[in-house]
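Report on the following structure.
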Amino acid sequence: MKDHSDAELVSQARAGDGESFGELVLRYQRPAYSVALSVIGRHQDAEDAAQESFMVALERLDECRNPARFAGWLLAIVRNRSRNLIRRESLRRGDEIPASASSSGPSPERAADISALRGRLTEALSTLSEVQREIVLLHDLEGWKHAEIAERLGMPSGTVRSHLHFARKALRVQLSEWKDYGKGL
Amino acid sequence: MNTKDRDRKAGRGSPPVGDTNASRTREVRASLEIVDPGYRLPGYWERFHATVMERTAFELARRRRLARESVAAVLSGWSRSLIPVAAAAAVVAAFLVGSEVRYAADAAPPLVLEDVLAAEIEDGALQGVVGGQVPANPVAFMALVEGNVP
């Protein structure tokens, strides 16, 4: 199943093949979350938006005109869904990325460091434009190449590089103000 | 996926020594791992996947049912159109066979090759040929055939 192309998986998922759809989810759950997070900025809402986007994508799978470009189509759904979520009056406030970790997680001291850095990062990311957040998360967190991002977001590769450059520069400035940033993590 | 794996996938090598910009970029990338929920919540992505699959189970089942029904509908459609087409074909075949029989009855007797070849040849010449009394001389034979018997 891992060797199948997106187009093959989409075709089989259209006929209700759960294994094929599951593989698509596995491939794009992290990028979908990153895009949602870049738009919304809150973990819980980003998670909801990403999960709901997969449901919407399955319901509208017949509308995906070019199954080979499923990723770009899916991320567009995630982006729209996330923006709609922001517009909703009922959008929850203040539930930043929860600091709670599992019992097997880091020590309380380390957890506090991580929590502080996470807060700082979230703040730094919020200073970027939506497209810059999206690109920096897809590139630096998900490991997508410039060309992949360009194709899936429908923009020139040079624009992607430019956004990435300015996003990283802004993040560096923001994070360098925090003297212990990254230390010991 | 850790940072090294991600670097490898993205085709990025280590930055040149002293390149602080690249070094800071790496630090930014490493720091971004913290916003990945899987970093602090083990098994997060497995749960995420399971939740999506659970929430889409109904739609997947609906699609499977629809696919089965559409196959049955195609077969049923074929069978529905097959009966009138077969009946029409039988009528056409019966008509063609009937007209063929009428044509055969009305038609003139077929020509026989031997009759055509023997037309306008004198009976005497034919009897001579059949009886083995054929002249050895070709000129005399042609004269016999054409009825110019001296």
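Computed from a predicted structure; not experimentally measured. The figures that follow rest on heavy atoms only: side chains count, while hydrogens, waters and symmetry mates do not. Each chain gets a letter, A, B and so on, in the order the sequences are listed, and its residues count up from 1.
Heavy-atom neighbours of chain B within the stretch residues 11-21 of chain A, taken at a separation under 4.5 angstrom, comprise A13(A), R14(A), A15(A), G16(A), D17(A), G18(A), F21(A).
Annotation for L32(B) and L141(A): closest pair O-CD1, 3.2 Å, computed over non-hydrogen atoms. Taking every heavy atom of both residues into account, R63(B) and L58(A) meet most closely at NH2-O, 2.8 Å.
Of the inter-residue distances, the one linking L66(B) atom CG with D62(A) atom CG reads 8.5 Å to the nearest 0.5 angstrom. Atom CZ in R60(A) sits 11.5 Å away from atom CD in E59(B) (nearest 0.5 Å). Considering CZ of R62(B) and CD of E59(A), their distance stands at 8.0 Å, rounded to 0.5 Å. Put simply, OG1 on T56(B) and CD on E52(A) are 13.0 Å apart, with the number rounded to the nearest 0.5 Å.
Using a 4.5 Å cut-off between heavy atoms, L61(A) contacts chain B through both its backbone and its side chain. No part of F58(B) comes within reach of chain A, as not one of its non-hydrogen atoms sits under 4.5 angstrom from that chain. Contact annotation for L121(A): only side-chain heavy atoms (C-beta onward) come within less than 4.5 Å of a heavy atom of chain B.
The 12-atom threshold is exceeded at CZ of R27(A), counting heavy atoms of other residues, nucleotides or ligands nearer than 6.0 Å.
A chain of hydrophobic side-chain contacts below 4.5 Å, direct or via other Ile, Leu, Val, Met, Phe, Trp or Tyr residues, connects Y39(B) to Y44(B). A single hydrophobic cluster is seen to contain both V56(A) and L24(A), as judged by linkage of ILVMFWY side chains at heavy-atom distances under 4.5 Å, directly or through other members. Cluster annotation: L128(A) and M155(A) are assigned to the same hydrophobic cluster (Ile/Leu/Val/Met/Phe/Trp/Tyr, side-chain heavy-atom contacts under 4.5 Å, transitive). Residues V131(A) and L37(A) share a hydrophobic cluster, clusters being chains of Ile/Leu/Val/Met/Phe/Trp/Tyr side chains in contact below 4.5 Å. By the criterion of side-chain heavy atoms lying less than 4.5 angstrom apart, applied directly or through intervening Ile, Leu, Val, Met, Phe, Trp or Tyr residues, M53(B) is grouped together with I77(A) in one hydrophobic cluster.
Side chain of H49(B) to main chain of V25(A): no donor-acceptor pair is present (N/O by atom type, distance under 3.5 Å, no hydrogens or angles).
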